[in-house]
Amino acid sequence: MKHIAKILIFILTAGIALQASAAYKYKTTRTGLVVYRDSLDQVWAMAPFKAPVGSGKWYSDAINLCADSLAGKVRVYSMIAPTSAAFYLPYATLTASSQQQPVIKGMYRYLSHRVKPVDAYSELRRHVHEHIYARTDHHWLPLGAYYAAQAFARTAGVSFLPLADYDTVVVHRFVGSMYHYTHDPAVKASPEDFVYYTPRTVQYTTTYWLHRLNSRHKVIGVDDATQGNFFFHYKDGSGAAYCTFMGGDTRTTHVHTSTPGSRRLLIMKDSFGNAVAGFLMGSFSDIYVLDYRYMQGSLIKYIRDHGITDVLFINNLEHAYSKSTALALTRLIQQQ
């Protein structure tokens, strides 16, 4: 009976895609992506994730190295963001994907006592019937990032603004990255609303350092500091709407806020972290955002030079599990 109960719990928590599973029509692309139409006649596209529980130690080792290099003088956190497949993969395709929560928990077990794990998965699961992930893009939606940021704020012991303190902005007819990855006309024909939130009760200024890239997407230079908007508004129908936050990944960003106190946060991230940063302006006096794929120089020196008190590593599970991510972080940490 206990075994049956566990199976039922898994089915119920895997997401709204499991409701009336016989009504779902799906296909798998040559690259392994899943495209399906749900009972509301909406098309979803996503990538299954496959990995054994208990592996992924290399990523936690890299974050442990950062915490050890800071000798306990800075608070360090790890947030591994589940992908949409954790909650919305059709029941018929579940064998093609691993349960993400056990993999994330297994990776967290390798963290040292100097690193605090952030349980974004449980917070997101409680809101699985809300619009927390994009159907046509590989990212979470801003509402999903809000709940993940809330989980982090709780772990860090900082204040957190309620959603009522934000203004709502909608980009209509959004079709994101999964159309590019699948080339499936059904994805293009099923646009969605991209809804984001701008803080109304906190003042802030945003400074950027733009990374110039060559044709191979490698950094060839960094521009001088400029001030600009944190939120870039895209027109209805734009497929680039996830770049709303800081204009995308290729800028190093500093946000100085009116929030009192001495807590200064560094977010070391992939693109999932972009949407999280905007929800922490009411939690920290300063927020610095770096993308590990474009950062130049020593991470430890950057933390010390900018008086950082808290470091949050955010990567989605696909990136966190990749050994190349761990190697890139390790190089930045060890660099003098």
Side-chain angles (χ1 to χ4, degrees), residues 13-16 49 56 59-60 63 66-67 74-88 99-134 139-166 195-197 199 202 242 245 255 257 259 261 263-284 287-289 308-321:
T13 58
I16 62 173
F49 172 80
Y59 180 71
S60 293
I63 297 175
C66 179
V74 175
R75 305 172 188 89
V76 179
Y77 312 85
S78 175
M79 178 197 292
I80 299 177
T83 66
S84 60
F87 306 107
Y88 302 105
Q99 295 184 49
Q100 294 188 24
Q101 186 179 35
V103 176
I104 292 170
K105 283 186 173 181
M107 294 171 71
Y108 281 166
R109 290 192 185 101
Y110 293 118
L111 294 173
S112 76
H113 68 281
R114 285 178 168 167
V115 182
K116 293 183 179 181
V118 179
D119 183 11
Y121 184 99
S122 296
E123 190 68 35
L124 290 163
R125 186 172 61 184
R126 283 191 281 271
H127 300 277
V128 73
H129 291 281
E130 302 174 39
H131 297 294
I132 58 173
Y133 281 87
H139 295 101
W140 50 22
L141 288 173
L143 185 60
Y146 172 82
Y147 291 125
Q150 187 175 53
F152 166 63
R154 187 183 306 120
T155 302
V158 294
S159 58
F160 190 70
L161 295 177
L163 210 54
D165 285 353
Y166 291 81
V195 183
Y196 66 94
Y197 309 89
V202 61
Y242 193 79
F245 316 102
V255 183
T257 78
T259 300
R263 300 282 289 269
R264 299 163 66 89
L265 173 67
L266 169 63
I267 298 177
M268 191 68 177
K269 56 79 186 180
D270 65 9
S271 54
F272 271 60
N274 296 4
V276 171
F279 291 117
L280 295 171
M281 295 180 188
S283 306
F284 293 88
I287 302 171
Y288 297 82
V289 186
I308 303 298
T309 61
D310 299 79
V311 178
L312 171 61
F313 288 87
I314 303 178
N315 280 283
N316 77 73
L317 182 55
E318 292 278 0
H319 274 163
Y321 192 81

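Predicted, not measured: the structure shown is a model, and the values here were computed from it. Keep in mind that the numbers below use all heavy atoms, side chains included, and drop hydrogens, waters and symmetry copies. Along the sequence shown, residues carry numbers from 1.
- Not counting sequence neighbours, the partners of Phe279 by the ring pair (Phe, Tyr, Trp, His ring centres under 6.0 Å) test are Tyr146, Tyr166.
- The minimum heavy-atom distance linking Ser283 with Val158 is given by the pair CB-CG2, 3.7 Å.
- Heavy atoms only, all atoms of each residue included: Pro82 and Leu124 are closest at CG-CD1, 3.7 Å.
- Remark: Thr257 engages Val202, Tyr204, Val255, Thr259, Met281 in a side-chain contact (heavy atoms from CB on, under 4.5 Å) (not counting sequence neighbours).
- The backbone N or O of Thr83 lies less than 3.5 Å from a partner atom in the side chain of Gln100, making a donor-acceptor pair.
- Closest approach of Asp119 to Ala151, counting heavy atoms only: O-CB, 3.9 Å.
- Glu123 meets the salt bridge (Lys or Arg N to Asp or Glu O under 4.0 Å) test with Arg126, Arg154; sequence neighbours excluded.
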Taking it one step at a time, do Asn315 and Tyr321 satisfy side-chain contact (heavy atoms from CB on, under 4.5 Å)?
CA-CA 9 Å; Asn315 280 283; Tyr321 192 81; over 6 Å; no

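- Once rounded to the nearest 0.5 Å, the distance linking CD1 of Ile104 with CD of Gln99 reads 11.5 Å.
- In this structure, Asp165 and Leu163 have side chains that are not in contact, with every pair of non-hydrogen atoms separated by 4.5 Å or more.
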Derivation of the ring pair (Phe, Tyr, Trp, His ring centres under 6.0 Å) call for Phe160 and Phe152
CA-CA 10 Å; Phe160 190 70; Phe152 166 63; 9.2 Å; no

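- Ala275 meets the side-chain contact (heavy atoms from CB on, under 4.5 Å) test with Trp140, Ala145, Tyr242, Phe245; sequence neighbours excluded.
- Under the side-chain contact (heavy atoms from CB on, under 4.5 Å) criterion, Ser60 pairs with Met107, Tyr110, Leu111, not counting sequence neighbours.
- Sorted by first then second residue, the salt bridge (Lys or Arg N to Asp or Glu O under 4.0 Å) pairs that include residues 269-281, not counting sequence neighbours, are Asp249-Lys269, Lys269-Asp291.
- In this structure, Leu312 and Met79 have side chains that are in contact, with non-hydrogen atoms separated by less than 4.5 Å.
- Evaluation of the salt bridge (Lys or Arg N to Asp or Glu O under 4.0 Å) rule for Arg109 yields no partner, not counting sequence neighbours.
- For Asp310, the side-chain hydrogen bond (donor to acceptor under 3.5 Å, both in side chains) criterion is met by Arg75, Tyr77, Arg263, not counting sequence neighbours.
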Report the C-alpha distance between Leu265 and Leu280 in whole Å, list the side-chain angles of each, state the deciding distance to 0.1 Å, and finish with yes or no for side-chain contact (heavy atoms from CB on, under 4.5 Å).
CA-CA 9 Å; Leu265 173 67; Leu280 295 171; 3.7 Å; yes

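- Two residues are said to be in side-chain contact when any heavy atoms from C-beta on lie closer than 4.5 Å; Leu143 and Val195 fail this criterion.
- Residues satisfying the ring pair (Phe, Tyr, Trp, His ring centres under 6.0 Å) criterion with Tyr147, sequence neighbours excluded, are His127.
- With values rounded to the nearest 0.5 angstrom, Tyr288 atom OH is found 9.5 Å from Leu266 atom CG.
- Using modelled atom types, one finds no donor on one side chain facing an acceptor on the other under 3.5 Å when comparing Ser271 with Asn274.
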Could you go step by step and tell me if Asn316 and Ile80 meet the side-chain contact (heavy atoms from CB on, under 4.5 Å) rule?
CA-CA 5 Å; Asn316 77 73; Ile80 299 177; over 6 Å; no

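- Counting only heavy atoms from C-beta outward, the side chains of Ser78 and Val118 never approach each other to under 4.5 Å.
- For Phe313, the ring pair (Phe, Tyr, Trp, His ring centres under 6.0 Å) test picks out no residue, with sequence neighbours left out.
- Tyr108 contributes no side-chain N or O that, together with a main-chain N or O of Lys116, makes up a donor-acceptor pair within less than 3.5 Å.
- Between Ile314 and Ile267 there is a side-chain heavy-atom pair separated by less than 4.5 Å.
- Among residues two or more places apart in sequence or in another chain, the side-chain hydrogen bond (donor to acceptor under 3.5 Å, both in side chains) test is passed with Tyr133 by none.
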Run the side-chain contact (heavy atoms from CB on, under 4.5 Å) test on Thr309 and Val74 for me, step by step, so that the C-alpha distance in whole Å, both residues' side-chain angles and the decisive distance to 0.1 Å come before the verdict.
CA-CA 5 Å; Thr309 61; Val74 175; 5.7 Å; no

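- With sequence neighbours excluded, no residue forms a ring pair (Phe, Tyr, Trp, His ring centres under 6.0 Å) with His131.
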